[in-house]
Protein chains: 2
Amino acid sequence: MLEKQTRIRRSKARGGRRENRVTIKDLARDLGLSITTISRALNGYSDVSEKTRLRVVEAVRESGYQPNRSAQRLVTQRTHSLGWIKDERAGAIADPHFVEVFAGVLRACRTENYDLVFAAGHHSSQTSAYDRSIREHSVDGFIVDLPQPRDPRISFLLDADVPFVVHGRESRSSQYSWVDIDNAGIFKALAGLMFDNGHRRIALVNGDEHFAYAIERRKGVNAAIRQRGLPADCVTYLSTTHPMGLAGYQLTEQALADPSVTAILYSSSIMAMEGQAAVSRAGRVAGGDLAVATMDDGLRHVDLSPYEDLFTFARSPLRDAGERLVDALVARCERDEPPSGKEMDVTFHIAQGLDSAGLPKKWRPAKAA
Amino acid sequence: MLEKQTRIRRSKARGGRRENRVTIKDLARDLGLSITTISRALNGYSDVSEKTRLRVVEAVRESGYQPNRSAQRLVTQRTHSLGWIKDERAGAIADPHFVEVFAGVLRACRTENYDLVFAAGHHSSQTSAYDRSIREHSVDGFIVDLPQPRDPRISFLLDADVPFVVHGRESRSSQYSWVDIDNAGIFKALAGLMFDNGHRRIALVNGDEHFAYAIERRKGVNAAIRQRGLPADCVTYLSTTHPMGLAGYQLTEQALADPSVTAILYSSSIMAMEGQAAVSRAGRVAGGDLAVATMDDGLRHVDLSPYEDLFTFARSPLRDAGERLVDALVARCERDEPPSGKEMDVTFHIAQGLDSAGLPKKWRPAKAA
DNA sequence: TTAGCCAGCCAAAACGTTTTGGTAAACAGT
DNA sequence: ACTGTTTACCAAAACGTTTTGGCTGGCTAA
């Protein structure tokens, strides 16, 4: 016998999960109130008597009622979730810097009671991932990280007029919310400390200069030079597109190939640590005949304690930045606040015994401009 | 003048985001068709003529219509998203093993077109995080990883009768879907190889034996002993609750404190690598007078190439496991398939020149039981 | 007493889909 | 010509909330 073949779905089959969850309707029936009143009681409206509100709250507690998010989403046009589409270049999600920000974001999402929808998108298909997500209405706003100078994702999101927050900044930073540090100012200060202690040949071991943060850092170092009227060649610029693995060692090796280099400024404490093998190998000593300063992002799974007194640190925990990101984004999604930028605090932690030029042993803390 | 104080919400303020998205209603109007027909055309029902379907598809294409997920969620009772509530013990999301699984999960989510809702929950509050998520209806199913022998999260989820998949296994593995490797079999095989090559004192550097996987691995080693009638003290058991950082070095140091140990079996390639410093320090040589075997999880950000010919590896990429997890979970959510378990393939990669006892230099590959 | 106000409640509409249960027209078989 | 089947469509209900725009009855002020 042939099956009749009408109304057969090609795709999704409807599963038969048993749903006997308690809805607002059940509560209304049980309490002899209207749905409206239940809803308004729970949402803090003032036109519900205190007595009734307590009855409702009690009923909610004992029934375990939790409003159905899907229904809320539909009617409020809010999803109560945030999207983060991470560029999945090699190692991106393994990068300890990312992990640190991620941890902060997760924590803040929990306290703000937002869901985080995380995805990894290939670079080329990224705007389409945003596009789809927006048209589907699946999140209220996005987190964008590691912007490039004029980042196409940001162009797209600005155009789509959808809330987002950037970890970092690029050219259009007045048009969106961002959380960042004063990269230029910090590196200007660190390089300045070195110059002011008599160093005349230093190396900058920078991150990937395709990204805005690294460009700013280089600019900061340049500013320190110009401010003092020093020659351009007093800095050896080094950078890497692969900040994990061997970069710290190799770039340090390159930096020390010129024996007149007396100070190295690192863009990350991981590279600074990795570089120590090359320092020893070159017969140099950090905190002895070599000054080392580095940006410290407060990576909790990297143990810097052996270097606490040998390196100078500019410290600004990325985890805090992660939390701020969520706060800023939620402010924008929920209360429609105008774009705002936040420069995270930086504390300077000055190495002892670091001077190679007979100048005062202690660097004075600097205030990032 | 006093403000009238009626109907003031305490919490959420409704934002005024401009919504001019195209809905199914717009399409229906424009095409002169009913909403039903549009919906059915798009969902692959056979009661729409091919001609009409093409018109619909074309209109969708040019209008950029994307069904509103919130509405779909409400009516279908499906969210098309998966939840992963990760225990946020120290270093959990920084662990390279996790990162690898995560990468696989993300990739599979993209191909399956599922959203991943990721959260970090403190151990104590975990079941309540699941509970809330379930009652809110915010995901279709959960990923659970690193089970303990009788894991309370699994108890809870079984009880809640909600789809989930476990990376790993514990006592009740017939009741849920899981993806795992044959931990006992693999470690039985590796230890067996060592014994069969004449080693009589070996060390097991295991992971955290609070977790099922590590317990299984120890059992596997024990089985190898029993099978050969060897004395129990031919294995030194070592394990750590902090597999990152110094554990590899320290445990190796401990293992080699007994100079009669001629082989070390590691639970992770990271520990094996970290242990090399201690090996050198003890004046021993991996692949020379010390046999080293390790589980290799295919961590892509760990460069094992220096050890390719010195260590023996049992290899099973965690990324693949991540992809399987999603496949298994989607099968369960979408098609309500019964629980199924999957043991991932393992390939053995045998070190050369590893024998310290004058026995054949090549180990023969073993089939994990 | 009466108008006005306020506190406290509610019915119904709306959000944007999917699904149910049809109908009308065309076609086929007798 | 009549009956049944098939094709191609559709109106309305449903999903579970929030919000709008009421209404009622009691209190206050004149």
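Every chain is numbered from 1, with letters handed out A, B, ... down the list of sequences. Just the heavy atoms: all of them, side chains too, but no hydrogens, waters or symmetry mates, feed the values below. Not measured: the values here are computed from a predicted model.
In this entry the distance linking CG of B:Leu74 with C1' of C:dA14 reads 12 Å, nearest Å. Here C:dT23 presents its P atom at 16 Å from CG of B:Asp47, a figure rounded to the nearest Å. Following rounding to the nearest Å, B:His80 (NE2) and C:dT17 (P) show an atom-to-atom distance of 16 Å. Distance B:Arg21 CZ to C:dC15 P: 13 Å, rounded to the nearest Å. Atoms CD (B:Glu50) and P (D:dC9) sit 11 Å apart, rounded to a whole Å. Atom CZ in B:Arg73 sits about 16 Å away from atom P in C:dG16, given to the nearest Å. Rounding to whole angstrom units, NZ of residue B:Lys25 and C1' of C:dT18 are separated by 14 Å. The distance between atom CD of A:Gln66 and atom C1' of D:dG16, rounded to the nearest whole Å, is 14 Å.
When the side-chain nitrogen and oxygen atoms of A:Tyr45 are compared with OP1 and OP2 of D:dT19, one or more of them lie within a distance under 4.0 Å. The phosphate of D:dT17 has neither OP1 nor OP2 within less than 4.0 Å of any side-chain N or O from A:Ser70. Side-chain N/O atoms of B:Ser34 include none lying less than 4.0 angstrom from OP1 or OP2 on D:dA11. When the side-chain nitrogen and oxygen atoms of B:Gln72 are compared with OP1 and OP2 of C:dG16, none of them lie within a distance under 4.0 Å. Proximity of B:Thr37 to the phosphate of D:dC10: a side-chain N or O atom is located under 4.0 Å from OP1 or OP2. Side-chain nitrogen and oxygen atoms of A:Asn43 include at least one within less than 4.0 Å of the OP1 or OP2 phosphate oxygen of D:dT18. One finds no side-chain N or O of A:Thr36 lying less than 4.0 angstrom from the OP1 or OP2 phosphate oxygen of D:dT19.
Where B:Ala71 and B:Leu33 meet DNA chain D, the nucleotide closest to each residue was compared, and B:Leu33 sits on the side nearer the 5' end.
Using a 4.0 Å heavy-atom cutoff across all strands shown, B:Ser49 reaches sugar-phosphate atoms only and no base atom.
Residues A:Tyr130 and A:Phe164 are not in side-chain contact: their nearest non-hydrogen atoms beyond the backbone lie 4.5 Å or more apart. With a 4.5 Å cut-off on side-chain heavy atoms, A:Glu343 and A:Arg169 count as touching.
Side-chain N or O atoms of B:Arg324 include none that pairs as donor or acceptor with a backbone N or O of B:Arg319 at under 3.5 Å.
Relative to the side chain of A:Thr52, the nucleotides C:dG16, C:dC9, C:dT19 differ in distance, and C:dC9 lies closest. Of the candidate nucleotides C:dC9, D:dT18, C:dT18, D:dT18 has the atom nearest to the side chain of A:Val75.
B:Phe118 and B:Phe98 have tilted rings, their planes meeting at an angle from 30° to 60° on a 0 to 90° scale.
A salt bridge between B:Asp180 and B:Lys342 is absent, with no side-chain N of the basic residue lying under 4.0 Å from a carboxylate O of the acidic one.
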